[in-house]
Amino acid sequence: EPKLTASQFVKNTIIVRTKNGRLNVDELKVAKEEGAKKEEVKKEEKPSEIGIQIDILRLHIGDVIFKDYTNGDTALVKAYDVNLKGKEFKDIKTIKQLIFIIILEAMKPVAVKGAVIYGVAGVAGVTLTPVTAALALIMGKDAEDVLDYKISRVFDESINLFRQIGEVLSSDEQAGQIIAKINGYDINVNLTKEPGSKTKIVVSAKSLMLKRTEIANGILFQIRERLD
């Protein structure tokens, strides 16, 4: 019997935690609906759900951006290169199941404690365990990219960003180096000219001598935002 196979590609997922600790994914309509079902005391007829039939889903997820505003008006931005390629899920019967699978897989590296969506997703028949945050500390590395901008522009935008979200400790435009302190993290940026008016950027983020890849990726993400 032939099976219905589908592929879903998600390039960027942005998760936001507000000042009061609420997550944008917990405010989704599907999360609220399932949460309401979970809290029902009286047994009532369940509203009809949109039925689908996907025998095999192959899920692809690129980057996950986590913006945390719990410490003030300026977000602490973490970025995770999930690089999920073709993970398979079977026998998906409702739109809600499909949505929860995509959201929970994207949230795995973020490992947000107390997210309501973890519980309500179970009501829809989806259970996924978040990856422990400790794994993010293992084999930390720098974030790097080649940007389609002149080195002077990248330098200026990096300086402006750091002044806005933290403190610039030292900078040398000719050497292409910036040292900053952001949310308690030691940030080091190195810029080098590339052919065709491009710039190679390498961002290092450390806390207690440990490299924090998700913080370095978050800084690079914010620099790209200012340039685009």
Side-chain angles (χ1 to χ4, degrees), residues 11-19 61-84 106-113 130-228:
K11 184 177 179 182
N12 290 318
T13 303
I14 297 180
I15 299 171
V16 178
R17 180 158 56 189
T18 62
K19 285 183 181 181
I61 296 178
D63 296 330
V64 175
I65 314 300
F66 181 46
K67 297 184 177 183
D68 189 351
Y69 287 91
T70 52
N71 290 324
D73 293 330
T74 302
L76 172 61
V77 179
K78 301 178 182 180
Y80 303 84
D81 180 12
V82 179
N83 198 26
L84 185 71
M107 287 184 64
K108 270 188 174 182
V110 181
V112 181
K113 293 182 179 179
V131 176
T132 59
L135 292 178
L137 299 178
I138 300 173
M139 299 296 291
K141 58 182 182 180
D142 299 337
E144 59 181 79
D145 196 4
V146 176
L147 306 173
D148 291 322
Y149 298 92
K150 292 182 179 180
I151 193 168
S152 58
R153 171 86 188 281
V154 178
F155 183 89
D156 289 343
E157 292 297 348
S158 300
I159 289 288
N160 291 337
L161 171 67
F162 295 154
R163 286 174 177 165
Q164 179 181 338
I165 66 174
E167 179 185 4
V168 177
L169 302 181
S170 67
S171 62
D172 186 334
E173 186 170 0
Q174 286 200 340
Q177 294 181 340
I178 305 170
I179 298 174
K181 195 81 168 181
I182 310 294
N183 292 106
Y185 295 96
D186 299 313
I187 308 298
N188 196 310
V189 174
N190 285 281
L191 307 174
T192 53
K193 290 182 181 179
E194 293 284 316
S197 298
K198 296 183 178 182
T199 302
K200 181 178 181 180
I201 180 171
V202 179
V203 181
S204 173
K206 290 183 179 180
S207 175
L208 301 176
M209 302 303 291
L210 292 173
K211 285 191 175 184
R212 297 296 298 269
T213 305
E214 75 280 11
I215 299 297
N217 285 336
I219 294 294
L220 182 54
F221 172 80
Q222 292 174 91
I223 292 172
R224 285 199 201 103
E225 274 194 320
R226 295 182 73 95
L227 290 166
D228 291 341

How far does [atom1] of [X] sit from [atom2] of [Y], to the nearest 0.5 angstrom?
X	Y	atom1	atom2	answer
Ser170	Asn188	OG	CG	8.0 Å
Lys211	Ser204	NZ	OG	5.0 Å
Phe66	Ile14	CZ	CD1	12.5 Å
Leu147	Glu194	CG	CD	10.0 Å

Output every pair passing side-chain hydrogen bond (donor to acceptor under 3.5 Å, both in side chains) with a member in residues 67-79, not counting sequence neighbours, ordered by first then second residue. Arg17-Asp68, Lys19-Asp73, Asp68-Thr70
Assess the residue pair Thr192 and Val202 against the criterion (side chain to side chain contact (heavy atoms under 4.5 Å, CB included)); give the C-alpha distance rounded to whole Å, side-chain angles, the decisive distance to 0.1 Å, and a yes or no. CA-CA 9 Å; Thr192 53; Val202 179; over 6 Å; no
With no hydrogens and no angle check, is any side-chain donor or acceptor of Thr13 less than 3.5 Å from a backbone partner on Val64?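 Not a single qualifying donor-acceptor pair exists.
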If you take all heavy atoms of Ile61 and Ala106, which pair is closest and at what distance? CD1-N, 3.8 Å
Salt bridge (Lys or Arg N to Asp or Glu O under 4.0 Å) partners of Asp148, counting only residues at least two apart: Lys198
Can you name the residues that form a side-chain contact (heavy atoms from CB on, under 4.5 Å) with Ile151, not counting sequence neighbours?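 Ile151 satisfies side-chain contact (heavy atoms from CB on, under 4.5 Å) with Leu191, Lys193, Thr199 only.
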With sequence neighbours excluded, tell me which residues meet side-chain contact (heavy atoms from CB on, under 4.5 Å) with Asp81.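 Only Asp63, Asn83 meet the side-chain contact (heavy atoms from CB on, under 4.5 Å) criterion with Asp81.
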side-chain contact (heavy atoms from CB on, under 4.5 Å) partner of Ile159, the single match among Val189, Val154, Val168: Val168
Got a list of side-chain donor-acceptor pairs under 3.5 Å for residues 175-186, not counting sequence neighbours?
| residue | atom | partner | partner atom | Å |
| --- | --- | --- | --- | --- |
| Gln177 | NE2 | Asn190 | OD1 | 3.4 |
| Lys181 | NZ | Asp186 | OD1 | 2.6 |

Please output the side-chain donor-acceptor pairs of residues 221-228 that fall under 3.5 Å, not counting sequence neighbours, one pair per line with the distance.
| residue | atom | partner | partner atom | Å |
| --- | --- | --- | --- | --- |
| Gln222 | NE2 | Gly218 | O | 3.3 |
| Arg224 | NE | Asp145 | OD2 | 3.1 |
| Arg224 | NH2 | Asp145 | OD2 | 3.2 |
| Arg226 | NE | Glu157 | OE1 | 3.3 |
| Arg226 | NH1 | Gln164 | OE1 | 2.9 |
| Asp228 | OD1 | Tyr149 | OH | 3.2 |

